[in-house]
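Numbered from 1 within each chain, the chains take letters A, B, ... in sequence-line order.
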2 protein chains.
Amino acid sequence: LIKLSNISKIYKMGLTEIRAIDGVSLEVEAGEYIAIMGPSGSGKSTIMNLIGCLDTPTSGSYILNDMEVAHLDDDRLAEIRNKEIGFVFQTFNLLSRANALQNVELPLIYSNISAKERRRQTLQALEVVGLRDRVRHKPSELSGGERQRVAIARALVNNCSLLLADEPTGNLDSKMGEEIMQVFDQLHEQENTIIVVTHEEHIARHTKRVIRLLDGKIISDERKG
Amino acid sequence: LIKLSNISKIYKMGLTEIRAIDGVSLEVEAGEYIAIMGPSGSGKSTIMNLIGCLDTPTSGSYILNDMEVAHLDDDRLAEIRNKEIGFVFQTFNLLSRANALQNVELPLIYSNISAKERRRQTLQALEVVGLRDRVRHKPSELSGGERQRVAIARALVNNCSLLLADEPTGNLDSKMGEEIMQVFDQLHEQENTIIVVTHEEHIARHTKRVIRLLDGKIISDERKG
Ligand SMILES: Nc1ncnc2c1ncn2[C@@H]1O[C@H](COP(=O)(O)OP(=O)(O)OP(=O)(O)O)[C@@H](O)[C@H]1O
Ligand SMILES: Nc1ncnc2c1ncn2[C@@H]1O[C@H](COP(=O)(O)OP(=O)(O)OP(=O)(O)O)[C@@H](O)[C@H]1O
Ligand SMILES: [Mg+2]
Ligand SMILES: [Mg+2]
């Protein structure tokens, strides 16, 4: 499904160079359930943005679904993202002038379903994350954990088979964090591909493979029995 | 130091009413080290914003340092905040056009110290959180955990005796989270007052008193021996 070959993402700042991702190669089969871990600044969000087609690499090749995407233009990438990938951002990235319902509905706007069905799927996604009573609230009228859950609901609403979640439980208490992971567990059982960035071991324990980053490189990659 | 008496924060939305904080009374002595815990949406950030003079209650009294602050105007509150309270926001609230150095330096701009001393204290705060190599980066050029650490450094830089930290380690790996808590432990030993919102038990274990919220009320308040 995903094949990164010698991927690098390098930022030039004046005379220095920051190798956010430094020559990484990685293969992911359809249906895998993976945790990406590593210290702050080790490249986790960078690699997630590359996999999620939100960013293009400085060098290397990225084959997604048998198609080379490393050098596609923005419009092509946006199309792939909307159709195929659900993404939970580390900093949520909600529209501040739209309420929770409108934010979660957004990925469905360009799909071919009726407004009624769109509303039904949106409310269901908000229900799954426990926000049925907050659908009319704007992000500024929500708690940190509620915003995170809106971001999760938005990633789930159009049933993409590839779900990328960048620290999806960082602002949630352990009970709510567990409930979210059980939703992800279920999606995995339905043969979806799930990649979660987390720095918490008890979250990683839900997955079947743990990849650890350090300074932009993969330092370990372990599959569970 | 802090005395909240029957404090409420109520949001009216159309016909419904949300009691974010619902008749809470709380006393904090100078030098205490407190964790506030509770589920997502239980009122933790709301109570922190009230204590930190970032918000005014709908009703009730708040005495800080023998002064009633519940109904002060914005200018007076801003003055108290800048002089007396260090605040780490759950969503960091950094200036996006300023770099890490400029963001951390901000609380010192109105103090009576020389530019040279201001620079020295700012670099020291950034050193303490491990960001010496990122001082020229803007927030958009930093990882999530690096932004969180800039927010922490900014709260530490002017040595306020009251430090309020709203989920300061949510985006940090456990090793870095521990290092930050050790900085807070040291500040506590230097007789500063520290209140930390966290949903992680191992973070709360550093403190001497744990207050738990549910639906805007305090449901338990335990001091350690
Ligand atoms: N401006 C607002 N208008 C309406 N409701 C609000 C507003 N701000 C906050 N709320 C509600 O008040 C409740 C408490 O919010 P608060 O931010 O204090 O929760 P919290 O305990 O910090 O949660 P979290 O752990 O998710 O950060 C939430 O349910 C939220 O939806
Ligand atoms: N636009 C940029 N310009 C320069 N450096 C950048 C830029 N974006 C990110 N970086 C750097 O690249 C490194 C990796 O960033 P990344 O966001 O992938 O880390 P991360 O592993 O997600 O960290 P965290 O756990 O803190 O979220 C960081 O050290 C960061 O400072
Ligand atoms: Mg990150
Ligand atoms: Mg909060």
Item to check | Any donor-acceptor pair under 3.5 Å from B:K9 side chain to B:D22 backbone | outcome: no

Checklist entry - Contact part of A:T169 toward chain B, heavy-atom cut-off under 4.5 Å: side chain, backbone, both or neither? => result backbone

Next on the checklist: Would you say that A:L50 contacts A:L4 through its side chain, given a criterion of any heavy-atom pair below 4.5 Å between the two side chains?
Outcome noted: no

Checklist entry - Does B:R154 reach the main-chain N or O of B:N103 with its side chain, forming a donor-acceptor pair under 3.5 Å? => result no

Checklist entry - What pairs with B:H188 under ring-ring contact (aromatic ring centres under 6.0 Å, His included), at least two apart in sequence or on another chain? => result B:Y33

Checklist outcome for this item: Checked B:M37, B:K44, B:R149 vs chain A; the most non-hydrogen pairs under 4.5 Å come from B:R149

Next on the checklist: Within the 3.5 Å criterion, strictly below it, is a donor on B:H206 or B:E178 matched to an acceptor on the partner's side chain?
Outcome noted: yes

Next on the checklist: Is B:I18 close to chain A through its backbone or its side chain, or both, or neither, when contacts mean heavy atoms under 4.5 Å?
Outcome noted: side chain

Next on the checklist: Using heavy-atom distances under 4.5 Å, tell me whether A:S40 contacts chain B through its side chain, its backbone, both, or neither.
Outcome noted: both

Next on the checklist: Please classify the contact between B:S45 and chain A as side chain, backbone, both or neither, with a heavy-atom cut-off of under 4.5 Å.
Outcome noted: neither

Checklist entry - Can you name the ring-ring contact (aromatic ring centres under 6.0 Å, His included) partners of A:F87, sequence neighbours left out? => result A:F89

Checklist entry - Using non-hydrogen atoms only, which part of B:E141 is less than 4.5 Å away from chain A: side chain, backbone, both, or neither? => result side chain

Checklist entry - Relative to chain A, which segment of B:T46 carries a heavy atom at a distance below 4.5 Å: side chain, backbone, both, or neither? => result neither

Checklist entry - Do A:T193 and A:I2 touch side chain to side chain, with heavy atoms closer than 4.5 Å? => result no

Checklist entry - Do A:N6 and A:S59 come within less than 4.5 Å of each other through their side chains, counting heavy atoms only? => result no

Next on the checklist: Give the interface residues of residues 124-139 of chain A toward chain B, defined by a heavy-atom separation under 4.5 Å.
Outcome noted: A:R134, A:R136, A:H137

Next on the checklist: Out of A:M176, A:M13, A:K175, A:E167, return the one with the most heavy atom pairs under 4.5 angstrom to chain B.
Outcome noted: A:M13

Next on the checklist: Heavy-atom cut-off 4.5 Å, strictly under: side chain, backbone, both or neither for B:E146 against chain A?
Outcome noted: both

Item to check | Side-chain heavy atoms of B:I7 within contact of B:Y62, under 4.5 Å | outcome: yes

Checklist entry - Which residue pairs pass the salt bridge (Lys or Arg N to Asp or Glu O under 4.0 Å) test when at least one of the two sits in residues 196-207 of chain A, sequence neighbours left out? => result A:E201-A:R212

